[in-house]
Amino acid sequence: MLDKEIIECCRKLRLSRNLAELAQTTEGSSHQEYLYQLLSDELRYRELTRTQKLVTSAGFYAIHTFEGYRFDEITLPSDLTPEGLKSLAFIHEKKNLILYGGTGTGKTMLSTALGVTACRQGIPVKFFRTAALVNKLSEAKAAGTLSAFLKKLNKAEVIILDEYGYVPLDRTGAQLLFEIISDCYERRSIILNTNLEFSRWVNVLYDEQMTAAMLDRLLHHCHLLMFPGPSNRMRESSINELYRSISDNQLKKQ
């Protein structure tokens with residue numbers, strides 16, 4: 001009979017409607033235990049909701065986690081272990097990660113798993129394909145909304161730049177990307193995925209001084225992860241092709 005009154009109290013106290021629903025099912029052997037259970041469930045609900053919002057707002061193209069993830073085809077630096085990587089210590093230390101290797105070797109999957117893990121620990125993350133971010137920056141600058149866009153971007157403690165080097169940048173785009181990386185220096189972490197060796201970065205930025213300055217900021221506090229293996233997509237494609245070939249041969253024999 002008090003449902004509406006409880007909901008109204010929750011609204012005025014800025015508590016979720018979920019608390020009113022929990023009040024109908026929560027049990028306790030005393031008033032104190034009942035209140036404790038109710039408030040604990042509300043806190044868990046808020047944490048889950050916050051995590052879901054962080055994952056949604058991060059902008060991941062697909063959700064990947066460490067469940068079943070294998071590190072046997074990744075070369076980690078001597079001062080970093082898989083457990084250390086998954087602990088996200090590099091984020092708390094404001095260090096960067098550069099994931100270098102050929103297309104389809106799992107860089108995006110690993111960076112996404114790290115980003116999702118960070119979100120689940122309450123750490124705001126933003127994920128961009130590098131060319132898409134540069135386009136957004138250029139459009140915002142042209143529209144006079146760059147400051148507002150940067151203000152939102154600065155709320156992230158981790159910025160993931162995927163597919164760096166796939167598309168050459170114009171001078172304005174290169175300068176805007178450099179500003180982002182410079183602003184992150186020793187303040188937040190960058191995870192950058194690339195198949196382009198450092199000596200060829202100037203072919204993307206078209207400015208030797210800017211390239212050197214960008215590399216200096218990225219590499220000063222950084223772990224370099226190498227992905228020397230073959231493309232997972234190509235490997236899966238080859239397996240599928242082999243399977244089809246075997247199946248076709250079996251059909252012919254029948």
Side-chain angles (χ1 to χ4, degrees), residues 51 54-93 95-121 123-134 156-168 177 181 184 188-201 203-204 214-215 218-219 221-244:
T51 297
L54 286 174
V55 171
T56 299
S57 65
F60 301 115
Y61 286 89
I63 301 300
H64 299 289
T65 66
F66 285 112
E67 184 176 355
Y69 192 87
R70 297 172 57 184
F71 285 87
D72 54 348
E73 292 187 355
I74 303 174
T75 303
L76 299 177
S78 58
D79 60 344
L80 186 65
T81 64
E83 292 72 23
L85 185 63
K86 290 188 284 187
S87 75
L88 306 183
F90 72 93
I91 295 176
H92 304 296
E93 296 168 356
K95 290 185 177 181
N96 303 320
L97 297 181
I98 293 183
L99 281 55
Y100 170 73
T103 301
T105 52
K107 301 184 299 297
T108 301
M109 184 178 293
L110 178 57
S111 61
T112 300
L114 289 166
V116 170
T117 301
C119 289
R120 290 177 175 173
Q121 293 186 17
I123 301 172
V125 176
K126 286 294 183 184
F127 181 101
F128 297 99
R129 287 176 178 154
T130 304
L133 173 60
V134 170
E157 293 182 36
V158 182
I159 296 177
I160 302 175
L161 299 177
D162 195 29
E163 298 181 353
Y164 175 84
Y166 283 42
V167 179
L177 181 61
I181 291 175
C184 289
R188 57 182 63 87
S189 295
I190 291 176
I191 301 175
L192 186 145
N193 306 327
T194 185
N195 65 349
L196 200 65
E197 59 192 66
F198 297 142
S199 62
R200 296 172 57 196
W201 280 31
N203 297 333
V204 176
M214 182 181 291
L215 283 169
L218 283 171
L219 298 177
H221 307 292
C222 178
H223 295 300
L224 175 62
L225 282 63
M226 308 289 287
F227 291 70
S231 167
N232 293 323
R233 287 187 286 270
M234 287 295 292
R235 180 163 50 194
E236 290 170 5
S237 175
S238 297
I239 291 173
N240 291 333
E241 185 64 34
L242 178 61
Y243 177 78
R244 284 194 295 270

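Throughout, residue positions are numbered sequentially from 1 according to the sequence presented.
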Heavy-atom pair of closest approach, residues [X] and [Y]:
X      : Y      : answer
Lys126 : Ser57  : NZ-O, 2.8 Å
Asn203 : Pro168 : O-CB, 4.3 Å
Phe60  : Val116 : CZ-N, 3.7 Å
Leu225 : Leu80  : CD1-CD2, 4.0 Å
Leu110 : Tyr69  : CB-OH, 3.3 Å
Thr81  : Leu76  : C-CD1, 3.8 Å

Would you say the side chain of [Y] lies within less than 4.5 Å of the side chain of [X], judging by non-hydrogen atoms?
X      : Y      : answer
Tyr61  : Arg129 : yes
Val158 : Pro124 : no
Leu177 : Leu161 : yes
Trp201 : Leu218 : yes

Say you draw a straight line from [atom1] of [X] to [atom2] of [Y]; how long is it, rounded to the nearest 0.5 Å?
X      : Y      : atom1 : atom2 : value
Leu97  : His221 : CG    : NE2   : 14.0 Å
Thr51  : Gln121 : OG1   : CD    : 9.5 Å
Leu99  : Met109 : CG    : CE    : 12.5 Å
Met214 : Ile181 : CE    : CD1   : 4.0 Å
Asn193 : Ser111 : CG    : OG    : 4.0 Å
Thr112 : Ile160 : OG1   : CD1   : 6.0 Å

Matching residue for Leu133 among Phe128, Tyr164, Phe127 - test: side chain to side chain contact (heavy atoms under 4.5 Å, CB included):
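The passing option is Phe128.
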Name of the residue among Asn195, Leu196, Thr194 meeting side chain to side chain contact (heavy atoms under 4.5 Å, CB included) with Tyr166:
Asn195
Closer than 3.5 angstrom, by distance alone: can the side chain of [X] be matched with the main-chain N or O of [Y] as a donor-acceptor pair?
X      : Y      : answer
Lys107 : Gly102 : yes
Ser189 : Lys95  : yes
Arg188 : Ile159 : no
Asn96  : Ile190 : yes
Asp162 : Thr108 : no

Under the side-chain contact (heavy atoms from CB on, under 4.5 Å) rule, what do Arg120 and Thr65 come out as? Steps first, then yes or no, please.
CA-CA 11 Å; Arg120 290 177 175 173; Thr65 66; 3.9 Å; yes
Chi angles and distances behind the side-chain contact (heavy atoms from CB on, under 4.5 Å) call for Thr130, Val204:
CA-CA 11 Å; Thr130 304; Val204 176; over 6 Å; no
Run the side-chain contact (heavy atoms from CB on, under 4.5 Å) check on Leu114 and Phe66 step by step: do they pass?
CA-CA 8 Å; Leu114 289 166; Phe66 285 112; 3.5 Å; yes
